[in-house]
Student: 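This is the structure I have questions about; it appears just below.
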Amino acid sequence: MEQNIEKLQAIVSPLLTWYDENRRVLPWREEVSAYRTWVSEIMLQQTRVAAVLPYFQRFMARYPTVQDLARGDEEELLKLWEGLGYYSRARNLQKAARIVAEDYAGAFPADYKELIALPGIGDYTAGAILSIAFGLPVPAVDGNVLRIASRITGWDRDVQSTKKEITRWMTEVVPSDRPGAFNQALMDLGSALCLPAAPRCPDCPLRGLCTAEREGSQARIPVRAPKKDKRPEEKTVFLLRRPDGAVALGQRPKTGLLAGLWEYPNVPGLLTEAQAARQLAAWGLTPLHWEESWQAVHIFTHVRWQMQGYAVLVSGEGDLSWYSEEQRRQKAIPSAFEKANRILQKWEGE
DNA sequence: TAAACGTGGGG
DNA sequence: TCCCCAAGTTT
């Protein structure tokens, strides 16, 4: 074990040197504060840097301070978050902002236990904020660190105990003079060179210090958990427009998948056009013109939606709720309904 | 502890 | 087209 810590200690200096020359220029690195580090880390959870960039910029323009976020409207926040996924992150972000604003007078606590008590902040994010924003020598063990540390040490045990073990090692290894740079260097190395499938070992500054590279075991380290099956779901989605331009939308339940976001009316199963016509009648609507139909698949982490879509011009109000273009602009509709969104955009452009 | 929780990009 | 993800946290 001690040997693994020594292997990791050996990478600190060459990694920092590499980082100083190769670090990515990122908006949350240009100007560092606990608030900005926190927001960026939440957005980056399970999300690529390129996807985060535009969201981060818009977010900071709209909510420059934690007080602005605390005072903000949740519906507007979700609209800003629309398309970024894992929407509970946005809700937790605001819950935490309100706690920081009220209980901490707007100043993030530089304390692991207090940070981790905030909604949405777990072990990794607390470590990232403490090291990057507060300069404290704390590890921030994410997927990159797991991958790099297990390869450096040649750790090929199953994934169960890996994170705890590597966190223990990294606690000893994080340099107290540049903890934030060290943690971010690991992220950049993991993103640029120490890739999951095809690591670019010949270009790596840690070549010669890496057990996996020496043994040629990069491909099987870290050991990955077996992938799980996705539950198939079939649904029929209705893009319904009235002659006055109003479109039917519904709000999803407050819990579960895409909680609280808006969606087009939909029912379980793949309906034929005749069945869809009966569904419209059941809602109390009269079809005036069947505009178009489509098929779409949307893959979530654990569910696969197979969708049949119908775009119909209808009359009546029925049991549904109708919204004008102005009202729709303020509602967050997830990417799962992209096809319908696109058709609607086309209509709005006409 | 394992499952739930999104999305867009790359191979 | 399909599979694999990417700076995890919550329950």
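Chain letters run A, B, ... following the sequence lines, proteins first, then strands; residues in each count from 1.
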Student: Hey, which sits more toward the 5' end of DNA chain C by its nearest nucleotide, A:I121 or A:L195?
Tutor: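 It is A:L195, whose closest nucleotide lies nearer the 5' terminus.
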Student: If the plane angle is over 60° it's perpendicular, under 30° parallel, otherwise tilted; pick one for A:F108 and A:W38.
Tutor: tilted
Student: When rounded to the nearest Å, what value does the distance between P atoms of C:dT9 and B:dG8 take?
Tutor: 23 Å
Student: Under the ring-ring contact (aromatic ring centres under 6.0 Å, His included) test, which residues partner A:Y112, sequence neighbours left out?
Tutor: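 Partners of A:Y112 under the ring-ring contact (aromatic ring centres under 6.0 Å, His included) test: none.
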Student: Given C:dC5, is OP1 or OP2 found less than 4.0 Å from the side-chain N or O atoms of A:R224?
Tutor: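 Answer is yes, contact under 4.0 Å.
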Student: Expressed in angstrom and rounded to an integer, what is the separation of A:K230 atom NZ from B:dA3 atom P?
Tutor: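 Whole-Å distance recorded here is 13 Å.
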Student: Side chain to side chain contact (heavy atoms under 4.5 Å, CB included) with A:R207: which residues, sequence neighbours excluded?
Tutor: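 A:R207: side chain to side chain contact (heavy atoms under 4.5 Å, CB included) contacts with A:P202, A:E213.
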Student: Give a yes/no on whether any side-chain N or O of A:K227 is located under 4.0 angstrom from OP1 or OP2 of C:dC3.
Tutor: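 No.
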Student: So, is A:K228 close to the B:dA2 phosphate, meaning a side-chain N or O under 4.0 Å from OP1 or OP2?
Tutor: no
Student: If you check the A:R147 side chain, which of B:dG6, C:dT9, C:dA6 turns out closest?
Tutor: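 Looking only at heavy atoms from C-beta outward on A:R147, the closest nucleotide is C:dA6.
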Student: Given the ring of A:W347, does A:R241 sit roughly above its face, with NZ or CZ under 6.0 Å from the centre of the six-membered ring and within 45° of the axis?
Tutor: yes
Student: Are A:I152 and A:C210 side-chain neighbours, meaning at least one heavy-atom pair lies under 4.5 Å?
Tutor: yes
Student: Would you kindly give the CD1-to-C1' distance between A:I148 and C:dA6, to the nearest whole Å?
Tutor: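 Interatomic distance, CD1 of A:I148 to C1' of C:dA6: 13 Å.
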Student: Which residues within residues 23-35 of chain A lie with some heavy atom under 4.0 Å of an atom in DNA chain C?
Tutor: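 Those residues whose heavy atoms fall under 4.0 Å from DNA chain C, taken from residues 23-35 of chain A in numerical order, are A:R24, A:L26, A:W28, A:R29.
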Student: Check every strand shown and say whether A:V49 touches a base, only sugar-phosphate, or nothing at a heavy-atom separation below 4.0 Å.
Tutor: base
Student: If only side-chain N and O atoms of A:T125 are considered, is one of them under 4.0 Å from the OP1 or OP2 phosphate oxygen of C:dT9?
Tutor: yes
Student: For nucleotides C:dC5 and B:dG6, find the distance between their C1' atoms and express it as a whole number of Å.
Tutor: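 One C1' to the other, the span is 13 Å.
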Student: CD of A:E82 versus P of B:dG6: gap in Å, rounded?
Tutor: 14 Å
Student: Going by side chain to side chain contact (heavy atoms under 4.5 Å, CB included), name the residues that satisfy it together with A:L16, two or more places apart in sequence or in a different chain.
Tutor: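 Listed in chain order: A:V12, A:P175, A:R178, A:A181, A:F182.
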Student: Atom pairs, N/O to N/O, protein against nucleotides 7-11 of chain B, distance under 3.5 Å?
Tutor:
unit_1, atom_1, unit_2, atom_2, d
B:dT7, OP1, A:Y87, OH, 2.8
B:dT7, OP1, A:S335, N, 2.9
B:dT7, OP2, A:H298, NE2, 3.1
B:dT7, O3', A:G83, O, 3.3
B:dT7, O3', A:S335, OG, 3.4
B:dG8, OP1, A:S335, OG, 3.0
B:dG8, N2, A:R48, NE, 3.2

Student: Is any side-chain N or O of A:H302 closer than 4.0 Å to OP1 or OP2 of B:dC5?
Tutor: yes
Student: What is the separation between atom CD on A:Q45 and atom P on C:dT9, rounded to the nearest whole Å?
Tutor: 5 Å
Student: Return the value, rounded to whole Å, for the distance between atom CD of A:E41 and atom C1' of C:dG8.
Tutor: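 After rounding, the reported distance stands at 10 Å.
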Student: Who pairs with A:T65 by side chain to side chain contact (heavy atoms under 4.5 Å, CB included), at least two apart in sequence or on another chain?
Tutor: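 Side chain to side chain contact (heavy atoms under 4.5 Å, CB included) list for A:T65, sorted by chain: A:Q67, A:D68.
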Student: Base, sugar-phosphate, or nothing: which does A:N183 touch, judged by heavy atoms less than 4.0 Å apart?
Tutor: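 Nothing, no nucleic acid heavy atom in range.
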Student: Report which part of the nucleic acid A:G190 touches: base, sugar-phosphate, or nothing (heavy-atom distance under 4.0 Å, all strands).
Tutor: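 The residue A:G190 makes no contact with any strand.
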Student: Between atom CE in A:M43 and atom P in B:dC5, what is the gap in whole Å?
Tutor: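 One finds 22 Å between P of B:dC5 and CE of A:M43, rounded.
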Student: Could you check whether the rings of A:W305 and A:F300 sit parallel, tilted or perpendicular, using 30° and 60° as the cut-offs?
Tutor: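 A:W305 and A:F300: perpendicular rings.
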Student: Rounded to the nearest Å, what distance is computed from the CD1 atom of residue A:I116 to the P atom of nucleotide C:dT9?
Tutor: 8 Å
Student: Could you state the CD1-P distance from A:I42 to C:dT9, rounded to the nearest angstrom?
Tutor: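 Interatomic distance, CD1 of A:I42 to P of C:dT9: 7 Å.
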Student: For A:Y55, does the six-membered ring have the charged nitrogen or CZ of A:R58 within the cation-pi criterion, i.e. under 6.0 angstrom from the centroid and within 45° of the normal?
Tutor: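 Output yes; distance and angle both within limits.
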Student: Is there a side-chain contact between A:W18 and A:D203, using heavy atoms and a 4.5 Å cut-off?
Tutor: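 Sidechains of A:D203 and A:W18: no contact.
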